[in-house]
Amino acid sequence: MRMAPSPSGPLHIGHSRMAILNDEYVKRYGGDLILRLEDTNPSNIDINAYDMIPEDLEWLNVNVTKKVIQSSRMDLYYKEAKNMISRGFMYVIEEDQKTFHDLKLKKIAVKCRDLDPEIHLERFEKLLEGKYEEGKAAAVMKTDLNHPNPSVRDWIAFRLNYKKHPLTGDKYILYPTMNFSVSVDDHYLGLTHVIRGIDHLVNTEKQKYVFKYNNWKIPEYFHYGFINIPGTVLKTTVMNNGIKSGEYSGWDDVRLGTIRALKKRGYKPETFRKYWIYSGMNKSNATFSWEIFNSINRELIDYNTMRYFFVPEPEKFNIKNNKELKSHALLHPQRPELGYREYNLNKNACIYFPGKEFEKLQDNEIIRLKDLCVVTKNNSSLNYLSEDTDKKIKIIQWVPENSNDIKIYYPDGSIDTGKLEPLAYNKNDVVQLERYGYVNLNKNEAYFLHK
RNA sequence: GCUCCGAUGGUGUAGCACGGCCAAGCAUUCCGGCCUUUCGAGCCGAUGACUCGGGUUCAAAUCCCGGUCGGAGCACCA
């Protein structure tokens with residue numbers, strides 16, 4: 001099995017599907033999982049991606065057994081190309097891009113298509129030596145000019161690019177297109193099974209020509225459908241531009257759909273795995289379900305997340321108690337052995353209470369400050385009533401006066417501000433803010449995870 | 001336009017290769033209830049789907065034909 005991203009940025013949630021599906025097959029049936037970085041287009045490479053991609057995979061617990069970088073295999077591609085030219089399966093055109101394309105649309109062969117292989121070999125050398133301008137010549141795979149899909153007709157196997165390559169510099173100028181390098185690599189790396197998206201359906205058809213001409217064994221292909229991932233930014237160029245312009249704080253900005261952003265928000269690697277295994281390899285397109293994804297994650301983290309109080313839009317109230325109070329809230333309702341969060345409140349203590357909740361209360365309504373006492377609303381104040389009651393009343397969270405301000409960053413770009421109870425401050429952990437949601441605390445700020 | 005794919009509740013899937021056990025299972029969301037000093041967890045309940053039309057057959061979600069809708073590809077990107 002293999003996975004073959006181009007090193008143009010870090011992995012995002014869409015890539016994680018390919019990675020995990022491949023990894024899962026290797027786990028079940030054995031074999032190698034090859035990470036192949038496809039960097040044969042110098043115009044589309046981010047040098048940092050060579051490191052970021054393996055990091056992301058490691059975090060996802062994807063077990064890569066072998067790593068290959070295509071730009072270090074150029075000699076192999078050249079060798080195979082010459083071999084195929086000499087046998088008449090590939091040729092070199094001296095037409096420019098548009099001319100060649102127009103001819104193909106009309107199913108017309110270029111004049112030189114069937115010239116002696118020797119001539120094409122000479123031309124190929126000229127390509128390597130840089131005797132042509134970019135876009136004015138290319139090596140072409142001979143297929144079928146009558147193929148109903150114009151892109152399958154005599155597709156381009158090598159093209160010139162004089163741009164400096166981040167890894168190989170100006171050592172090479174002639175680069176194979178994906179369809180050629182993929183075919184050669186899939187064969188020599190011994191691929192038996194290929195899992196990839198349906199966007200490659202036509203590429204598979206193109207690549208099969210290379211296999212057939214060389215009598216190579218064609219791998220088994222599986223194509224899965226597109227996943228539309230709503231509400232998140234995934235396009236590498238958009239992310240990249242946003243980072244450069246300062247709009248995003250980096251590749252791990254919580255508004256992005258990268259693996260590192262999701263990690264920062266507090267998702268578990270296992271969540272990705274469970275989700276993608278559960279989704280299977282349906283060929284039909286689907287919408288990514290954050291609901292299900294979050295539900296999986298919630299189930300994984302709930303047992304190990306401590307509970308704390310957070311008060312959004314805090315309003316300060318003097319609860320006018322005439323005695324000292326002590327709060328005793330469990331760190332985890334199912335795990336009393338973990339202990340309590342306790343705060344001592346003096347007589348006439350002040351607390352913070354959520355502004356929105358206060359507005360919703362009826363006058364004289366009795367409510368419970370969770371794990372503290374019972375109060376009643378009178379006009380614009382909250383007044384102490386008793387320590388406990390048997391009645392079923394609303395239970396609302398609060399925080400003591402010495403609580404700290406905190407900002408909670410949402411993936412949609414919004415920010416919630418409020419007061420976080422002192423015991424949670426400066427923690428670096430995923431916690432559940434009771435009646436609010438799960439967040440990943442990072443000292444004096446937090447990233448919203450999910451409800 | 002051409003070529004190729006696909007279509008099961010709000011969402012995601014199971015079932016389709018070998019028609020009957022499917023008056024369609026599971027998960028999630030929403031709604032209702034129980035429990036609980038969280039709107040979390042847990043428990044119970046409810047609503048909700050085979051794209052349409054033909055055909056084959058004793059019998060079709062499953063096979064065949066056609067329509068509709070959706071998607072992908074039509075690059076010297078991957």
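These figures come from a predicted structure and were not determined experimentally. Order of the sequence lines fixes the chain letters, A, B, ..., with proteins taken first and strands second; residue numbering starts at 1 for each chain.
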*Checking salt bridge (Lys or Arg N to Asp or Glu O under 4.0 Å) against A:Asp154, which of A:Arg113, A:Lys206, A:Lys104 comes through?*
A:Arg113

*asked:* Are A:Tyr91 and A:Phe124, when compared by the centres of their aromatic rings, separated by less than 6.0 Å?
replied: no

*Closest-nucleotide 5' rank along RNA chain B - winner of A:Ala137 and A:Met281*: A:Met281

_Same-atom distance (P) from B:A72 to B:C65, integer angstrom_ = 26 Å

*Touch check for A:Ser43, heavy atoms < 4.0 angstrom, all strands: base, sugar-phosphate only, or nothing?*
nothing

*With no hydrogens and no angle check, do the side chains of A:Tyr209 and A:Asp144 hold a donor and an acceptor under 3.5 Å apart?*
no

*asked:* Expressed as a whole number of angstroms, how long is the span from A:Phe100:CZ to B:C76:C1'?
replied: 9 Å

*Considering only atom P, compute the distance from B:C44 to B:G55 and round it to an integer number of Å.*
45 Å

*Side chains of A:Tyr188 and A:Glu80: is there a donor and an acceptor less than 3.5 Å apart?*
yes

_Spacing of the P atoms in B:G66 and B:A24 (rounded, Å)_ = 31 Å

*Report the nucleotide, chosen from B:A72, B:U13, B:A75, that has the shortest atom-to-atom distance to any side-chain atom of A:His101.*
B:A75

_Going by purine N1 to pyrimidine N3 plus the second Watson-Crick contact, or the G-U wobble pair, all under 3.5 Å, which nucleotide sits opposite B:C43?_
B:G33

*asked:* What I want to check is whether the side chains of A:Glu94 and A:Tyr132 have a donor and an acceptor closer together than 3.5 Å.
replied: yes

_Separation of the C1' atoms in B:G48 and B:C30, to the nearest angstrom_ = 11 Å

*Minimum-distance nucleotide (side-chain atoms of A:Ile156 versus B:G73, B:A14, B:C76)*: B:C76

*So, is A:Ser284 near the phosphate of B:G71, with a side-chain N or O under 4.0 Å from OP1 or OP2?*
no

*Have a look at B:A17 and give me syn or anti from its glycosidic angle (syn if within 90° of zero).*
syn

*asked:* What contact category does A:Asn203 fall into here, base, sugar-phosphate, or nothing, at under 4.0 angstrom with non-hydrogen atoms?
replied: base

Between the protein and nucleotides 35-43 of chain B, are there any N/O to N/O pairs under 3.5 Å, and if so, what are the atom names and distances?
{"unit_1": "B:U37", "atom_1": "O2'", "unit_2": "A:Lys370", "atom_2": "NZ", "d": "3.3"}
{"unit_1": "B:U37", "atom_1": "O2", "unit_2": "A:Asp371", "atom_2": "N", "d": "2.7"}
{"unit_1": "B:U37", "atom_1": "N3", "unit_2": "A:Arg368", "atom_2": "NH1", "d": "3.1"}
{"unit_1": "B:U37", "atom_1": "O4", "unit_2": "A:Arg368", "atom_2": "NH1", "d": "3.2"}
{"unit_1": "B:U38", "atom_1": "N1", "unit_2": "A:Glu434", "atom_2": "OE1", "d": "3.4"}
{"unit_1": "B:U38", "atom_1": "O2", "unit_2": "A:Gln432", "atom_2": "OE1", "d": "3.1"}
{"unit_1": "B:U38", "atom_1": "O2", "unit_2": "A:Arg435", "atom_2": "N", "d": "3.2"}
{"unit_1": "B:U38", "atom_1": "N3", "unit_2": "A:Gln432", "atom_2": "OE1", "d": "2.7"}
{"unit_1": "B:U38", "atom_1": "O4", "unit_2": "A:Arg307", "atom_2": "NE", "d": "2.9"}
{"unit_1": "B:U38", "atom_1": "O4", "unit_2": "A:Arg307", "atom_2": "NH2", "d": "3.0"}
{"unit_1": "B:C39", "atom_1": "N4", "unit_2": "A:Glu357", "atom_2": "OE2", "d": "2.6"}
{"unit_1": "B:C39", "atom_1": "N4", "unit_2": "A:Arg435", "atom_2": "NH1", "d": "2.5"}
{"unit_1": "B:C39", "atom_1": "N4", "unit_2": "A:Arg435", "atom_2": "NH2", "d": "2.7"}
{"unit_1": "B:G40", "atom_1": "O2'", "unit_2": "A:Asp302", "atom_2": "OD1", "d": "3.3"}
{"unit_1": "B:G40", "atom_1": "O2'", "unit_2": "A:Tyr438", "atom_2": "OH", "d": "2.7"}
{"unit_1": "B:G40", "atom_1": "N2", "unit_2": "A:Gln334", "atom_2": "OE1", "d": "3.0"}
{"unit_1": "B:G40", "atom_1": "N2", "unit_2": "A:Gln334", "atom_2": "NE2", "d": "2.7"}

*Report the distance from atom CZ of A:Arg153 to atom P of B:U3, rounded to the nearest whole Å.*
11 Å

_Let's see if you can work this out: which of B:U3, B:C77, B:U11 has an atom nearest to the side-chain heavy atoms of A:Thr287?_
B:U11

_Could you identify the nucleotide paired to B:C2, looking across every strand shown and requiring Watson-Crick or G-U wobble geometry with both distances under 3.5 Å?_
B:G73

_A:Gln432-A:His332 side chain donor-acceptor pair, cut-off 3.5 Å_ = no

*Using the C1' atom on both, measure B:U57 against B:C64 and round to a whole Å.*
12 Å

*Rounding to a whole Å, what distance do you find between A:Lys206:NZ and B:C4:C1'?*
13 Å

*Pick the C1' atom in B:U51 and in B:A46, then give their distance to the nearest Å.*
27 Å

*Considering only atom C1', compute the distance from B:C69 to B:G25 and round it to an integer number of Å.*
27 Å

*Scan A:Gly135 against the nucleic acid and name what it touches under 4.0 Å (heavy atoms): base, sugar-phosphate only, or nothing.*
base

*Could you tell me the separation between the NZ atom of A:Lys274 and the C1' atom of B:U28, rounded to a whole number of Å?*
14 Å

*Whole-Å distance between B:G73 P and A:Leu201 CG?*
10 Å

*According to the Watson-Crick and G-U wobble definitions, with both distances under 3.5 Å, which nucleotide is paired to B:A27?*
B:U11

_Please give the distance between the P atoms of B:G73 and B:A78 as a whole number of Å._
14 Å

*For A:Ile292 and B:C30, give me the distance from atom CD1 to atom P, rounded to whole Å.*
12 Å

*Could you label the plane-to-plane angle of the A:Phe158 and A:Phe180 rings as parallel, tilted or perpendicular, counting under 30° as parallel and over 60° as perpendicular?*
tilted

*Whole-Å distance between B:A72 P and A:Asn228 CG?*
10 Å

*Would you please name every residue forming a salt bridge (Lys or Arg N to Asp or Glu O under 4.0 Å) with A:Lys163, sequence neighbours left out?*
none

*Figure out the CZ/P separation between A:Phe226 and B:A78, and round it to whole Å.*
16 Å

*Under 3.5 Å on both distances, the Watson-Crick or G-U partner of B:C58*: B:G20

*Return the nearest nucleotide to the side chain of A:Asn285; candidates are B:G71, B:U28, B:A78.*
B:G71

*asked:* Measuring to OP1 and OP2 of B:A14, would you say a side-chain N or O of A:Asn282 lies under 4.0 angstrom away?
replied: yes

*Ring center gap for A:Tyr267 and A:Phe293 short of 6.0 angstrom*: yes

*Say whether A:Asn179 and A:Gln207, considering side chains only, have a donor N or O and an acceptor N or O under 3.5 Å apart.*
yes

